[in-house]
Amino acid sequence: RFYDAQLLLGEALIAAKDYLTADISFQSVAGAPWPDTQMAGKIGLARSALGRGEVDPARTLFDEVVAMKSETPIQSTRRM
């Protein structure tokens, strides 16, 4: 549940426009041992970058998620 809580916290922080603190939550998720959780963390980091107006870093993060190998249905869903 730790990673779920970090994702929820990151989303709340994005809504509050606290992008730098959101990055801390999403970075912990991106460091998870499971690929689908890593994807969720990178998507969060990309959304946070977009919130700051940093389009190129966000695009790079989204591209990393797309390039990750999908082995499960949830991983395929995250790539969409």
message: For a quick test of reading the model, state the closest non-hydrogen atom pair linking Thr37 to Val29 and the distance between them.
response: O-CG1, 3.2 Å
query: Looking at Ser48 and Arg52, what are the two nearest heavy atoms and their distance?
result: OG-NH1, 2.9 Å
task: List in chain and number order the residues that pass side-chain hydrogen bond (donor to acceptor under 3.5 Å, both in side chains) with Thr60, two or more places apart in sequence or in another chain; answer none if no residue qualifies.
output: none
Compile the donor-acceptor pairs under 3.5 Å between side chains in residues 10-21 and protein atoms, sequence neighbours left out, one pair per line.
unit_1: Glu11; atom_1: OE1; unit_2: Arg47; atom_2: NH1; d: 2.4
unit_1: Glu11; atom_1: OE2; unit_2: Arg47; atom_2: NH1; d: 2.8
unit_1: Asp18; atom_1: OD1; unit_2: Thr21; atom_2: N; d: 3.4
unit_1: Asp18; atom_1: OD1; unit_2: Thr21; atom_2: OG1; d: 2.9
unit_1: Asp18; atom_1: OD2; unit_2: Thr21; atom_2: OG1; d: 3.0

- request: Applying side-chain hydrogen bond (donor to acceptor under 3.5 Å, both in side chains), name anything that partners Ser25, two or more places apart in sequence or on another chain.
  value: Gln6
message: Run the salt bridge (Lys or Arg N to Asp or Glu O under 4.0 Å) test against Arg59 and tell me which residues pass, sequence neighbours left out.
response: Asp56
field: Partners passing side chain to side chain contact (heavy atoms under 4.5 Å, CB included) against Ala5 (at least two apart in sequence or in another chain)
entry: none
task: Look up atom CD1 in Ile24 and atom CG in Leu9, then write down how far apart they are to the nearest 0.5 Å.
output: 9.5 Å
- line: Heavy atoms of Leu45 and Ala30 approach each other most closely as CD1-CB, 4.2 Å
query: How close do Phe62 and Leu50 get, heavy atom to heavy atom, and via which atoms?
result: CE1-CD1, 3.8 Å
query: Sequence neighbours excluded, which residues qualify as salt bridge (Lys or Arg N to Asp or Glu O under 4.0 Å) partners of Asp63?
result: none
query: Which residues pass the side-chain hydrogen bond (donor to acceptor under 3.5 Å, both in side chains) test with Glu64, sequence neighbours left out?
result: Lys42
- prompt: So how far is it from Ile43 CD1 to Gln38 CD, rounded to the nearest 0.5 Å?
  reply: 12.0 Å
message: Within this structure, what is the CZ-OG distance for the pair Phe2 and Ser28, rounded to the nearest 0.5 Å?
response: 4.5 Å
